[in-house]
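Working notes for the structure below.
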Amino acid sequence: MIFTLYKLNLQALLPGRSWARGGRKPGKVKIILLAALYIYVVAALMFTFGVLFNVLLEPLYALGVGWMYFALFAASSFALGVLGTVFIAAAHLFGAKDNEMLLAMPIKPVHILVSRVAVLLTFEYGSSLLVCLPAVFLWLRSGHGSAGGMALFVFGFLLLPLLAISVSLLLAWLLSVFGGGKTRGKNILTLVLSVGFLFAYLYGYSNIQRYLGELVTRGEEIAEAFRKAAPPFYAFGAAVAGADIGQAAVFALWAIVPFGAVCALLSARYLKILTANRGSVKVKYREKKTRASGAAAALVKKEFAHYWNCPAVVLNTSLGSIFALAGAAALIVKRTDILAYIGQILAAAPWVPLPALAAFAVMTLGTVNSLSASLISLEGKHLWITQCAPVPPQTVLLSKVCVHMLVSSFPCLAASIVVSAVIADSAAEWLTILVIPQTFLALIAFGGVALNLAFPRFDWISETHVVKRSVSAILSMYGSIALLAGLALLYAFPLRSALPLEVYMWLCAALFTAGAIAVFAYLQKGGAAKFEKM
Amino acid sequence: MLKIERIVKTYGGKRAVDGLSLRIRPGEICGFIGHNGAGKTTTIKLVCGILEFDSGEITVGGHSVKTEPLACKRQIAYIPDNPDLYDFVSGIKYLNFIADVYGVDAETRGERIREYAGLFELTDDLSGLVSSYSHGMKQKLALVSALIHDPKLYILDEPFVGLDPKAARTVKDIMRAKCDAGCSVFFSTHILEVAERLCDQIAIIKNGKLVASGETERILGDSSLEDVFFELEEGKI
């Protein structure tokens, strides 16, 4: 039974399902495209961690704190694991739409729990591998590796996800309590908690160079502080670096005991959690004066309501906007420090004008906003409502583009205005910072809807699955990153000597605009026809 | 009001609807009956423009579903067998959304919400999220949303499922009143007694084909609808 449920749950979470709608097998081109997409995503993440570990490895061994390399690996893997699964865990364990159906069947609640936790663990091992492979490759290549250390690394790797999943499960439980209904403004609270958690992680990650510098000067002191503050990661590091079986046993306890405790706690209370009545407080309806609006405005309002009422959707599809606004606020408060930091970056690439870098930064943040690529899928079982409505499909599709722009283009524009006010010296610089990113964001908005038309997924059991793991969302995010990176590399190498960066960026803006217009034209004809047939 | 002519819909080689023809005049209630999988819901979805048909023609008020879909949809109210409504909005917001989409002005929608939500005893719950509604409440909200834009043709797929007896009676009364005012109702049901008592016309579908259709009295003769249905099912007629 548990294995059957495990297979069912795993199938529900895998993004590839949208390729096989209507029982049709995907074509070879689509399979190749899917494979290429996943290879690209995996390679990009592994490269990011590889760069980090490459910076850390030799200095840490030179300081005689080689254990810290593995401790930092364990901490990174842990943070990625928690971040990657906390929302899925909340949706999958406590908010899954098939919970009631399964509870009505002769299945023990603990079996439902075990099957769901097993699926999450599968994903934890997957994400842990992304960190593990570059770390272990660099370690072995450096010559610091040993057979005993390697054996204990494998042992630790198998246990590490248990620690991450324990924290994930507890946080998910908290989120489900906040998301239960009684708390007023629960969405905002959940969002604030989630963003706070993410900011803390990214703050630590972005300051890694500074910490490393401090480690060189105050090595033993910091190592000691780390040992006290994060004993499980220290145990992991000491076990692998020193091939120390005793420390490996300590780490095993750190991983197994919390996992066992959380599982025991949840299995004892799972049925109670699922069946707890957290219905909203009933408020008697009092008639108010209503205002009529047009069909297009009604569709935009409806799309926005769906977006805003699901914190997981907000967090996973508009993180770029949150960071853009936070960055703009930081620029106002810490203007001198940030400009000095940017000055250091530009010293390495003096051919990059500051306004161009600012425009590029806003565009980079825009790549993380992938809302439009999920909005058709998010219609789910409600699709019939818009299909029956006397509204042209073009209007429905454009309402999705509009909502994306509302949550992506406007915050990024606000951030651009702040940045321009601080750094722009001329009208041309203002235009560079304000206009060029908007053309790219428009392309993402239109392109996302087109991608979702190509790869829809309506059989989801939680919105999180759509916004995090659907093919269209992944394609939109990583496709736009690849486009931006490709254009940057194209300029940095062959074109830099041929034309000034500002001219190149305006040419790119023209390209983005042409792309957005082309996708708009597609949505008006082929896309609209496809939407009608869904 | 509704004219279906020789429509065919196939799903991967299987004919779900096979050359079905049917006419419903203004003022008529037509009951659509058939066993599970006979093709009722598929036919209804074809009429509403949710599914495309392979051949044939469907017109609503003289407008072709294929070439003038929006003109048809403006005249139709459709309620599916399982009313999956937007569960992230409140009941009143859902009704306002539907009213906006169908272009109902603020004053008219206010009056209609007051009238129909009151009839279905849903008024007090309209500020609650749709996700907190029971199946019956969702069905009532779907019915109010269908009535809010005063359509000419009501297409209801199993409208009585989940409704309490009082609400079911209200639905029947509204159906009759709307038809007396010149509208038409096309609904599927498994409750043969209701169809027998309520419908001016009966259409029975079997394996995608219409096996009997016409005025209720003519179809029934001296038998009950239950007898006629089972005789048709067993191929005795």
Side-chain angles (χ1 to χ4, degrees), chain A residues 22-24 95 97 179 181 187 277-310 313 378-396 399 458 463 528-529 532-534, chain B residues 11-12 45 47-52 69-80 82-110 113-114 117 122-132 142 145-146 149 151 155:
Chain A
R24 279 174 294 170
K97 293 197 166 109
N187 293 335
N277 182 11
R278 295 199 215 100
S280 54
V281 179
K282 196 172 174 180
V283 181
K284 195 175 171 184
Y285 169 67
R286 286 183 197 284
E287 194 178 325
K288 289 177 197 157
K289 199 175 176 186
T290 51
R291 270 193 312 179
S293 53
L299 286 166
V300 171
K301 278 195 274 183
K302 182 270 289 183
E303 295 288 357
F304 190 78
H306 198 175
Y307 160 81
W308 187 242
N309 278 291
C310 188
V313 174
L378 284 174
E379 294 269 4
K381 60 193 173 145
H382 309 129
L383 187 66
W384 68 272
I385 300 173
T386 41
Q387 283 186 323
C388 285
V391 182
Q394 291 87 347
T395 309
V396 178
S399 71
F458 297 115
E463 280 96 344
E532 276 188 313
K533 287 177 190 167
M534 280 179 155
Chain B
Y11 287 119
K45 285 184 175 175
V47 173
C48 296
I50 297 175
L51 289 175
E52 279 196 332
L70 295 188
C72 292
K73 287 174 184 178
R74 274 188 206 104
Q75 302 185 66
I76 294 176
Y78 164 62
I79 299 177
N82 194 4
D84 288 314
L85 313 176
Y86 298 130
D87 40 19
F88 46 85
V89 291
S90 63
I92 187 68
K93 281 191 177 162
Y94 179 73
L95 293 178
N96 274 316
F97 167 74
I98 295 292
D100 283 338
V101 163
Y102 283 86
V104 183
D105 64 73
E107 197 181 330
T108 311
R109 82 174 63 168
I113 289 171
R114 224 171 291 133
L122 197 65
T123 312
D124 287 351
D125 298 301
L126 285 178
S127 55
L129 279 179
V130 174
S131 58
S132 68
S145 73
H149 57 94
I155 299 174

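Letters A, B, ... are given to chains in the order of the sequence lines, protein chains preceding strands, and every chain is numbered from 1.
No more than 12 heavy atoms of other residues, nucleotides or ligands lie within 6.0 Å of CD in Glu107(B), so this atom counts as exposed by the packing criterion.
Contacts between Val89(B) and chain A at a heavy-atom distance below 4.5 Å involve the side chain alone, from C-beta outward. For Thr386(A), the parts sitting under 4.5 Å from any heavy atom of chain B are the backbone and the side chain alike. Heavy-atom distances place the side chain of Lys533(A), and not its backbone, under 4.5 Å from chain B. Interface remark: Leu299(A) contributes backbone and side-chain atoms alike to the contact with chain B (heavy atom separation under 4.5 Å). Only the side chain of Tyr94(B) has a heavy atom closer than 4.5 Å to any heavy atom of chain A. Using a 4.5 Å cut-off between heavy atoms, Leu51(B) does not touch chain A at all. Using a 4.5 Å cut-off between heavy atoms, Leu126(B) contacts chain A through both its backbone and its side chain. Looking at Asp124(B), both its backbone and its side chain come within 4.5 Å of chain A, counting heavy atoms on both sides.
In this structure, CZ on Arg286(A) lies 13.0 Å from OG1 on Thr123(B), to the nearest 0.5 angstrom. Atom OG of Ser127(B) and atom NZ of Lys288(A) lie 8.0 Å apart (nearest 0.5 Å). Interatomic distance, CG of Asn309(A) versus OG of Ser131(B), reported as 8.5 Å (0.5 Å rounding).
Across Leu85(B) and His382(A), no two heavy atoms sit closer than the pair O-NE2, 2.9 Å. Of all the heavy atoms in Lys73(B) and Ala389(A), the pair that sits closest is CD-O, 3.4 Å. Scanning both residues, Val101(B) and Ala298(A), for their nearest heavy atoms gives CG2-CB, 4.4 Å.
When the options Gln387(A), Met534(A), Glu532(A) are evaluated for a side chain to side chain contact (heavy atoms under 4.5 Å, CB included) with Ile50(B), the one that passes is Gln387(A).
Within the 4.5 Å cutoff, no side-chain heavy atoms of Cys388(A) are placed close to those of Ile76(B). Between Lys301(A) and Phe97(B) there is no side-chain heavy-atom pair separated by less than 4.5 Å. Put simply, the side chain of Cys310(A) does not reach to within 4.5 Å of the side chain of Phe88(B), judged on heavy atoms. Between Asp125(B) and Tyr285(A) there is no side-chain heavy-atom pair separated by less than 4.5 Å.
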TODO: Verify side-chain contact (heavy atoms from CB on, under 4.5 Å) between Lys381(A) and Asp87(B), making sure each step is shown before the conclusion.
DONE: CA-CA 11 Å; Lys381(A) 60 193 173 145; Asp87(B) 40 19; 4.2 Å; yes
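The distance between the ring centers of Trp384(A) and Tyr78(B) falls below 6.0 angstrom.
Of the listed residues (Ala305(A), Ser293(A), Ala295(A)), the one with the most heavy-atom contacts under 4.5 Å to chain B is Ser293(A).
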